[in-house]
Novice: 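Submitted below is the structure of interest, expressed as structure tokens.
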Amino acid sequence: MELKDIHIKGIPTEDFKDNEYLENYIKELEANGVNVILSKVDELINWGRSNSVWPLIYATSCCGIEFMSAAAAHHDIARFGMEVTRNSPRQADLMIVAGTIVHKMAPLIKRVYDQMAEPKYVLAMGACAISGGPFVNSYHVIKGVDEIIPVDVYVPGCPPRPESLFYGLMQLQRKIKVEQFLGHKQR
Amino acid sequence: MSSVSKYFSGLFTGIKSLLTGMGETWKELWTKKVTQQYPENRETLEISERFRCELVMPHDENNEHACTACGICEMNCPNGTIKVTPMFIETADGKKKKILDTHIWDMGMCTYCNLCVITCPSDAIIFKNNFENAVFEKRKLIMQLNQEGSKLREKKKESKPTEPII
Amino acid sequence: MMEKIKKLILDTVAEAVIEEKQKLTVTVEPKKLHLLVQTLRDNKTHSFDYLVNLTGVDRGEELGVDYLLCSSADLSKEVVLKTGTSDRENPLLYSITDLFETAHFNEREVFALLGIRFINNPDMRKFFLNADWVGYPLRKDYDPNPELNPVSIESKDMVDIAPRILETSDGKLVEEFVNIFEDDDYIINIGPQHPSTHGVMHFRTSLDGEIVKKIDVHSGYIHRGIEKLSESLTYPQILHFTDRLDYLSANINRHALCMCVEKAIDIEVPERAQYIRVIMDELTRIDSHLLAWSAMTHDLGATTAFIYGMREREIILDIFDKTCGGRLIINQNVIGGVMFDIYADFQKDVKAFIPYMRKKLIEYDRFFSHNVIALGRTQGVGFMSKDEAISYAVTGPAGRASDWSCDIRKHIPYSLYNQVEFKEILRKEGDAYARYLNRLDEIEESLHIIEQLIDNIPQGDFCAKTKAIIKLPEGEYYERVEAAKGEFGVFIESRGDKFPYRLKFRSPSMALVSAMPLICQGEKIADLIGIGGSMDYVIPDIDR
Amino acid sequence: MILNYSQPLEISNLTSWFDQYLRSNLSEFWTLLIEFVLVGIFLLAAYAVIALILIYAERKITAFFQARLGPNRVGKWGLLQSVADMIKILLKEIIRINRSDRFLFFAAPFFMIVASMLTFGAIPFGKGLQAIDFNIGVLYVTAVSSLGIIGVLLAGWSSNNKYSMIGAMRSGAQFISYELSSGFALMTIVVLAGTMQFSQMIEGQRFCWNIFNGHISSIIAFVIYLISGHAETNRGPFDLPEAESELTAGYHTEYSGLQFGFYYLAEYLNMFIIASIATTVFLGGYLPIQIQGWDAFNGIMGYIPSYVWFFSKTGFLIFLSLWVRWSFPRLRIDQLLNLEWKYLLPINLVNLLLMVILVLTGLTLKNLFGIL
């Protein structure tokens, strides 16, 4: 598999940022070697997975409102098939961390993450979730949600506009499309 | 008797209100949809000029920028998103001069409050509206704004950057 | 009048120190405070029955509390009470929770952040922070070393035992522990991560079947320490926090802080900036009310209505976006004016929006306001009387739904509000439906205000020149504005520095949440959510 | 009297040919065995396909009601969206939950699926497209479809989750009460039709659908059946058992992966089943629109295959149910029970009596105009 095979409707591969990460990822996977038939099945599975990402919104503050905008009529996250927001972590595929995570919240976000079923992904939306943002110097704020749970995609902005979020979601779709389910490497 | 008439009037006003509501959704079913289709409309999508997404330091064709490494933006940043590292060189006439070494901006931490831009005395940095910034690794959000080998634009006439200052 | 109040105070507590600062300020010793507050509240002629703000301050040598009281009939009548204790090891003050219900959460907040415990407060747990938090962050000698309070990812069991200190009739202090719930209560956690708590509120709710028996409010899941952070930032830098308190009234909150600083250092704000500010404020209010409407309908299960509300909101966001480069957090107001002038088509866009919004209001009315299911779920549900509203300091559309005239724009007109004509929407029912209707009517009033201003924006500067470094002269400054959720206040104590010595935001949402246990009791669990929607609180505004 | 039209696209042509072919080559036993297996496979496939189509349709229609576009990036117009969802959900991890009743927890989704599956077998999809034609078809369908509630109750109980528990209890209360009125509504029509067998009931509606035949009484029964059927499927505004604003995901909060997929499928299938029973009982099932005397018109209508008629009528009812779902806020539990016990049930009883009178006095449409 090569990077240019990963097709996302509407944006050519070379226009995406951070392509080198995916290239490295593919190289790493190829080093393990997978046979062709399996990789075709993998492609089908990944097609299904990447197009059916049901989010769980871990909205704590402002970014949550922007997610609501993204879900509403003007932007319509449903076009990506992602409007099925599951409130139960057991049924969700993607946790969108939208907002500041503080000390008191840390155990809870970890717990919700643990309750999610594999395969699961995390998207850090906005400056607070990425690094603590405006409150980075505060005594009660965690400097980035990646200190607690692994993050797949970072969407910067304060808050990012819905289009930015969609761009991040497409980045995530690209990442899912690279993964192998039947091969060796599983998350 | 009144309770019976209340029962039926309650029933019918209730049904009427429900039908009115259904009428509204029926109308909406046929109105034009307001959805804008990003990314399919990427070519035509207009993000307002002033929208703040990415801090950039405009460079002209000679690879020159306007930053004097004064550090005012760094001082004004409320949460330490900007790191300006100056470098001292000796000019031809033997004076020590402070120039910009690196101007680092952490996109993942920025609150887009615009204080750095409005306080910059030499209008060296501006916000751009390019919103497609999501990446897979946090370290890639830390950006160096001055290009490799760039230098300070000599102050000649009113050599302001061509972009409109927003 | 002022003399009468002074006399009343001196008659009650002879040794009280009365100063005339920005507001009438009275300093008393802790033991006399309760008596004084009670007298002020209960006297007939100048009743100070509305506790606006309760601020804990580390004054250096002593730990103190400032109370801002005002009259519920005339919000411009204000008095500031101060008290304090010099015992930093075990500071104890007297609670006024029995006089003002709103004091309860505020006192718990002061305990969490400054370590002052209040005698006779029925539930002295820390409000924002975990019980095992080391140190009191707002004290000046707080040790910020992260090793003292490491990040823990271990889930802990909830402990429902509250300590309290009571004063017995013979003046002794007794510390005791009370169980919040009974042993066999069926307790469910609504929150902190729950689809309809409007953020990360945590209601521990004990149920009797479907009926809510008792609610215990836990907060602080998004306590970000804004007040502490502000103490080391300059005034222009602090501005960006105000947007993130109640992000739906971002512009109004920012207006409050700007006004507070402007008044303290006497900056004349250009007329044009005033117009832009008020128009943007009202657009923000519409935006916030629309979201409240949408969220409430969503809470009641009408997803379609939610989408309609968000659709109309998007038009306002576009206007914001074009004016100041932000959709939600707009960074528009700065000290001395506004950051960006309006764009060329601003007036055209806003004028196109007004009739559109009016049309949509009619649609909302037909679609939801008279729906028999919606009526059944909101009418008579979550009742709050006027007295309760005042005691819990519930302002904004929710307070006005209980027939309490509490619109700061009418009582203490600021900016251009004394030049425009608008109605204060009051309703007597005090239930969820009244709160719901109040919001829709207030959207109409806001449209009316914008209509009066939009064509008359004068030419001129949009921002006054300010000094590079803004220093506030020593003193205490209060400013109150009417945010979308209710009264938003800023209190700055300055010691002449470029940083504030103490900065406190009076958040309307805290009062709204504090009333939740009262008005939800005995209602169904489904109504708990609906009432939450009708109160329309924003959690980061509470937790700060 | 009954027009025997030949329809080239009718599937019954194919099935009867196939049946004859098998019988001519194999013994009775093998013929039946092969046919049973094929019918089973066909039903299972139809089950999955119908669910996928319904999920897609609902998401699209919902979007259109809400001024949006809905899924449109996976395949043309998003047609493959539910296929992608299915692939995903099949391979999603199934979480074993500590401190739950393991056996019941796993059994619950199967109850749900089996109940709807059993009902599915008795529905006449078209002429000759019915697995079993019971002589007590109506009773059977009512009885079997209500087994699904066991799945919901068990799920709520065994999950050891308080939200699930409340959801399941609500579901129980809701289901039992609404089962009454849906049963009564069907009985009203049984009185009119004089039979419980679906095939006979359908044939009796050739020129006059039951909803017209019993006029006032039938229409009342029809509306009541739609309301209570809608309530039985746990869909908004009756979605209290999974009311997401208060109970996150209600009774299936703890289910993940395929098990959740079962509930998800069953929800849509139940919606389909309710609509198809209503079609069969009230709207003449798979029969085309026929008007006594207009032979040319009848011929044209009859040319459209019967399953097309069936699915379009069912589709219309499903659309109606979606329209209702996306227009109203959710009811509260006491409102829900009020609606049933104070309004639907009494009206229903009176209506049943009215129908009896109508039938006895011969005031039904057929008798009034002397048709048939």
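Letters A, B, ... are given to chains in the order of the sequence lines, protein chains preceding strands, and every chain is numbered from 1. What you are looking at is a predicted structure, and each value in this text was computed from that prediction instead of being measured.
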Novice: Can you say whether A:I77 sits under 4.5 Å from chain D via the side chain, the backbone, both, or neither, judging by heavy atoms?
Specialist: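 Neither part.
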Novice: Cation over ring, D:K88 on A:W54, under 6.0 Å and within 45°?
Specialist: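 Yes, cation above the ring, under 6.0 Å and within 45°.
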Novice: Let's test your reading of the structure: which of D:M86, D:Q66, D:H252 forms the most heavy-atom pairs below 4.5 Å with chain A?
Specialist: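 Most heavy-atom pairs within the cutoff with chain A belong to D:H252.
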Novice: Let me know if D:L90 has heavy atoms under 4.5 Å from chain A in its side chain, its backbone, both or neither.
Specialist: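 Contact with chain A is absent: no heavy atom of D:L90 under 4.5 Å.
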Novice: Should the pair A:H75 and A:F166 be assigned to parallel (<30°), tilted (30 to 60°) or perpendicular (>60°) ring geometry?
Specialist: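 If you compare the ring of A:H75 with that of A:F166, the planes turn out perpendicular.
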Novice: Working to the nearest 0.5 Å, report the span between CE of D:M112 and CD of D:Q259.
Specialist: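 Reported to 0.5 Å precision, the distance equals 13.5 Å.
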Novice: Is the Lys NZ or Arg CZ of A:K175 less than 6.0 Å from the centre of A:Y121's six-membered ring, within 45° of the axis?
Specialist: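 Verdict for A:Y121: no cation-pi partner in A:K175.
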